[in-house]
K.L.:
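The structure's right below; bear with me while I get my questions together.
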Number of protein chains: 2
Amino acid sequence: MSLDFAILGFLSEADQSGYDLKTRCFDTQARHFWTADQAQVYRTLDRLERDHLVTSRHVAQTAKPSRRVFKLTPSGRDALGEWLSSAHEPPPYRDPFLIQLYFAEHLTDDSLAEVLRESRSFHQQRLGDLRQQLSGLLKGKKRLSRRDEFAQMTLEAAMSTERANIDWLDDALETLRAEAEAQERGSAPQKRLFGLNGDTGGETR
Amino acid sequence: MSLDFAILGFLSEADQSGYDLKTRCFDTQARHFWTADQAQVYRTLDRLERDHLVTSRHVAQTAKPSRRVFKLTPSGRDALGEWLSSAHEPPPYRDPFLIQLYFAEHLTDDSLAEVLRESRSFHQQRLGDLRQQLSGLLKGKKRLSRRDEFAQMTLEAAMSTERANIDWLDDALETLRAEAEAQERGSAPQKRLFGLNGDTGGETR
DNA sequence: GACGAGTATAGGACAAAACATATATGTGGC
DNA sequence: GCCACATATATGTTTTGTCCTATACTCGTC
């Protein structure tokens, strides 16, 4: 469903082929908020054309296979506008890492620390990728277009999430390290890994 | 795949029926990190039994339909242990809200602000739910078991993500508001919604 | 006694996503 | 000539997740 509108959105900016959408949109610009398989792109385009939200025409090329270029129809544009302005529930969380953490009693402290570090590394990599995307977006531009500003905002949003993940993981690793040290020194084992941080009620912040 | 191990994990704590898993685990304890449909639970249990990772026995009840209670096998426990200790790539981001933001040039400032507020409300609700779950977990306990500590950690992790989302949305709304005000007063329109915040390079934090 | 709510399991249908393979053309390197 | 690579589209299959319906028994209530 959302994929439909991501595609309509990209077509609202420029007429494109399925190949363009895959390589120039989903593999690059959009990869931090929506990914799509090549097969998925072509099949969705077929469906959108069947529903008269896009049209296609074949364009021959010299020295390259011919392309099928898609164009947004007026009703496609309407559908996009309506979807963009209405609320959509965020998808449910589904993170294998939290399953691991939830059942971490089966792991040794060392194993758990390793899992935390690996998770951190994944998020660190994603954050690095986001930074690269952002600097690519800003490169050589003194003033961003309104278009670019929104692209930038999506990157900043994703980055703030990644930073939250990394910070949390750092805290958890530090707590684990401190716990291990306390244990080693034979002092009273610090059982509680996390305090309440005053987070059990009241305002958001 | 991950669902398999979530189920194995819950069975590692207690023998349970599909109904128990659905209502007592996935609908309650685990809902902030993994959700599963009833149909999915039963079908996954069938598959796990076929693969000899769990076994089942029928248990008759008085005044209630009989239950099919599942139990982890030794090889199921092995499979769980191995999965828990190895790294798993976090699933790709897929957030319809970021699609909306990315194509927000098609929206008026008011529409966009409304979308941001609605998104905020979703996340606020989730955070509230997380807080409730956490206080439910802590209720009447002076000392948490190691088991509960990990449950608490998953809640804290989810909460930190939600807080990051909400904070980012608040910033965005504030910027939008300030922009609108500047425009109204006829002063030079503040084009850039977001600064760079020094985030284009260097260390994570 | 009809009806809804709770307990319990199961299967059909479908949509979304992932994974794999096929096909056709032209370029450049070995 | 062969192989890899980029361009370009298409289809087959499987897995995962969602939605809906069916079945069956008990209890409380209107």
Side-chain angles (χ1 to χ4, degrees), chain A residues 1-8 15-28 30-31 33-51 54-70 83 88-96 99, chain B residues 1-7 15-28 30-31 33-51 54-70 88-96 99:
Chain A
M1 202 63 222
S2 295
L3 176 61
D4 295 24
F5 297 100
I7 288 179
L8 294 177
D15 296 356
Q16 295 183 71
S17 68
Y19 188 80
D20 294 334
L21 283 167
K22 174 60 178 155
T23 58
R24 282 208 265 283
C25 302
F26 290 103
D27 282 352
T28 48
R31 67 169 178 267
F33 63 83
W34 207 274
T35 56
D37 192 41
Q38 176 253 72
Q40 231 183 324
V41 171
Y42 283 108
R43 274 193 269 247
T44 304
L45 283 167
D46 286 343
R47 185 162 43 77
L48 292 173
E49 182 166 35
R50 205 197 55 206
D51 296 344
V54 304
T55 54
S56 71
R57 71 201 140 88
H58 287 267
V59 177
Q61 295 185 109
T62 58
K64 280 180 194 170
S66 66
R67 306 162 70 228
R68 196 175 149 207
V69 176
F70 291 86
W83 186 85
H88 307 287
E89 197 172 347
Y93 268 2
R94 255 191 213 110
D95 192 343
I99 300 179
Chain B
M1 202 66 222
S2 294
L3 176 62
D4 295 23
F5 297 99
I7 288 179
D15 296 355
Q16 297 184 67
S17 67
Y19 188 82
D20 293 334
L21 283 167
K22 173 60 179 153
T23 57
R24 281 208 265 281
C25 302
F26 290 103
D27 283 352
T28 47
R31 67 169 179 268
F33 63 84
W34 207 275
T35 56
D37 191 82
Q38 175 255 72
Q40 229 184 326
V41 171
Y42 282 108
R43 274 192 272 245
T44 303
L45 283 168
D46 286 342
R47 184 162 44 76
L48 292 173
E49 183 165 36
R50 204 198 56 207
D51 297 345
V54 304
T55 54
S56 71
R57 70 200 142 91
H58 287 268
V59 177
Q61 295 185 107
T62 56
K64 280 180 192 172
S66 66
R67 306 162 70 228
R68 198 176 148 207
V69 176
F70 292 84
H88 307 285
E89 198 172 348
Y93 268 0
R94 254 190 214 111
D95 191 344
I99 301 178

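Residue numbers start from 1 in every chain, and the chains themselves are labelled A, B, ... in the order their sequence lines are given, proteins ahead of strands.
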K.L.:
Which residues satisfy the side-chain hydrogen bond (donor to acceptor under 3.5 Å, both in side chains) test with B:D46, sequence neighbours excluded?
P.N.:
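B:R68.
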K.L.:
If you measure only the distance, is there a donor-acceptor pair under 3.5 Å linking the side chains of A:Q61 and A:S66?
P.N.:
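Result is no, nothing qualifies.
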K.L.:
Can you list everything that forms a salt bridge (charged side-chain N to carboxylate O under 4.0 Å, His left out) with B:R47? Sequence neighbours excluded, please.
P.N.:
B:D4
K.L.:
Can you pull the contact range of chain A along DNA chain C, 5' to 3', using atoms under 4.0 angstrom from its heavy atoms?
P.N.:
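So the contact region on DNA chain C extends C:dA16 to C:dG26.
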K.L.:
Need to verify one output field. Residue with the more 5' nearest nucleotide on DNA chain D, A:P92 or B:T62?
P.N.:
A:P92
K.L.:
Could you work out, with side-chain contact (heavy atoms from CB on, under 4.5 Å) as the rule, every residue matching B:P91, not counting sequence neighbours?
P.N.:
A:D95, A:P96
K.L.:
Using a cut-off of 4.0 Å on non-hydrogen atoms, how would the nucleic acid contact of B:A36 be classed: base, sugar-phosphate, or nothing?
P.N.:
nothing
K.L.:
Between atom CD in B:Q38 and atom P in D:dA22, what is the gap in whole Å?
P.N.:
15 Å
K.L.:
Output all residues satisfying ring pair (Phe, Tyr, Trp, His ring centres under 6.0 Å) with B:Y93, sequence neighbours left out; order by chain, then residue number.
P.N.:
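Scan of B:Y93 (ring pair (Phe, Tyr, Trp, His ring centres under 6.0 Å), adjacent residues dropped) gives none.
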K.L.:
Test of understanding: with side-chain hydrogen bond (donor to acceptor under 3.5 Å, both in side chains), list the residues that count as partners of B:T35, not counting sequence neighbours.
P.N.:
A:R94
K.L.:
Restricting to salt bridge (charged side-chain N to carboxylate O under 4.0 Å, His left out), what partner residues turn up for B:R67, sequence neighbours left out?
P.N.:
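Listed in chain order: B:D20.
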K.L.:
For B:R57, which residues count as a side-chain contact (heavy atoms from CB on, under 4.5 Å) partner, sequence neighbours excluded?
P.N.:
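B:R57: side-chain contact (heavy atoms from CB on, under 4.5 Å) contacts with B:D15, B:V59, B:V69.
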K.L.:
List in chain and number order the residues that pass salt bridge (charged side-chain N to carboxylate O under 4.0 Å, His left out) with B:D37, two or more places apart in sequence or in another chain; answer none if no residue qualifies.
P.N.:
none
K.L.:
Can you name the atoms? Protein N/O to nucleotides 15-17 of chain D N/O, anything below 3.5 Å, with the distance.
P.N.:
residue : atom : partner : partner atom : Å
D:dT16  : OP1  : B:M1    : N            : 3.1
D:dG17  : OP2  : B:Q40   : NE2          : 2.7
D:dG17  : O5'  : B:Q40   : NE2          : 3.3

K.L.:
Sequence neighbours left out, what passes salt bridge (charged side-chain N to carboxylate O under 4.0 Å, His left out) with B:R31? Give chain and number order.
P.N.:
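B:R31 satisfies salt bridge (charged side-chain N to carboxylate O under 4.0 Å, His left out) with B:D129 only.
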K.L.:
Could you identify which residues of residues 15-23 of chain B place a heavy atom less than 4.0 Å from some atom of DNA chain C, listed by residue number, or say none?
P.N.:
B:S17, B:G18, B:Y19
